[in-house]
Amino acid sequence: MIIASTDLCTLHRQTIYGRDAASNISFGTLTNLFSGAAAVASTESAKTLYAALALFSNSERSLINETVYKQTVVTAVNRKIGQAMLVKSQQLDQSLALDINQFSMYKTVQAVLEVHKTCSFMTGLELVLEEGTQNSATQRRMELEKDLAAADLRVKANCSAALATSVQCVEGRKFYEAVAESLKVMAVSGK
């Protein structure tokens with residue numbers, strides 16, 4: 001059942017990426033129709049109107065495909081689906097290690113269905129939106145860790161023996177120490 005669910009999920013996740021092709025074709029067709037109409041229109045105002053509509057439909061196609069849909073929403077939703085499936089699958093694996101009296105066949109089927117239900121665009125979108133509306137301590141810690149790694153690279157690049165007293169080196173070390181201290185405070189306070 002898990003193999004079949006995983007196969008179906010893979011197909012579903014592929015169609016998520018394929019949806020941008022449909023909008024691309026639709027807006028591309030509209031662009032061509034409007035620009036063609038502008039070329040053959042008899043009055044100047046009609047030509048201007050059709051040209052403006054062609055420009056609008058083309059810009060909408062670009063915005064939806066590149067910025068909104070493909071680069072942000074689809075990638076984030078697909079990542080969240082994968083994460084949710086992994087968590088549910090790991091929970092199922094742990095449960096399957098139990099005796100059949102503790103984890104019955106009925107519970108197994110229910111758990112498999114729970115794994116399968118996590119593979120939906122709406123579930124992924126809900127998880128993305130939920131994460132985006134929270135300013136959790138975990139997100140803050142991850143941001144600080146990323147800042148610490150970047151500061152470490154800056155210090156290594158700007159603090160060779162010859163540059164140890166340079167402004168870039170001194171300021172880089174101060175920033176590194178401040179971020180490291182913030183991480184320590186966060187660890188001690190549990191936030």
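Scope of the values below: all heavy atoms of this structure, side chains included, with no hydrogens, waters or symmetry mates.
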What pairs with A41 under side-chain contact (heavy atoms from CB on, under 4.5 Å), at least two apart in sequence or on another chain? A46, K47, Y50
Kindly indicate whether the side chain of Y106, heavy atoms from C-beta on, has any atom under 4.5 Å from the side chain of Q110. yes
Please determine if K174 and E177 form a salt bridge, counting it only when a charged side-chain N lies under 4.0 Å from a carboxylate O. no
Within the distance-only criterion (no hydrogens, no angle test), does the side chain of T123 pair as donor or acceptor with the backbone N or O of C119 below 3.5 angstrom? no
Side chains of H12 and F121, heavy atoms from C-beta outward: is any pair under 4.5 Å? yes
Between the main-chain N or O of R154 and the side-chain N or O of N158, is there a donor-acceptor pair closer than 3.5 Å? yes
Please check: side-chain N/O of S5 versus main-chain N/O of M1, any donor-acceptor pairing under 3.5 Å? no
Show me the side-chain donor-acceptor pairs of residues 80-95 shorter than 3.5 Å, one per line, residues at least two apart or across chains.
residue: K80; atom: NZ; partner: Q83; partner atom: OE1; Å: 3.0
residue: K80; atom: NZ; partner: E131; partner atom: OE1; Å: 2.5
residue: S89; atom: OG; partner: M85; partner atom: O; Å: 2.8
residue: S95; atom: OG; partner: Q91; partner atom: O; Å: 3.0

Indicate yes or no: does E143 engage K146 in a salt bridge with an N to O separation below 4.0 Å. no
With L98, which residues qualify under side-chain contact (heavy atoms from CB on, under 4.5 Å), at least two apart? Q102, F103
What I'd like to find out is whether the side chain of H116 reaches to under 4.5 Å of the side chain of C9, using heavy atoms alone. no
One should read off an interatomic distance between E181 CD and M186 CE, to the nearest 0.5 angstrom, of 12.5 Å
What's the spacing between F175 CZ and D152 CG if we round to 0.5 Å? 12.0 Å
Would you say L11 has more than 12 foreign heavy atoms packed within less than 6.0 Å of its CG? yes
Is the closest side-chain heavy-atom distance between L129 and L125 below 4.5 Å? yes
same_hphob_cluster(L153, L148) at 4.5 Å side-chain heavy-atom cutoff: no
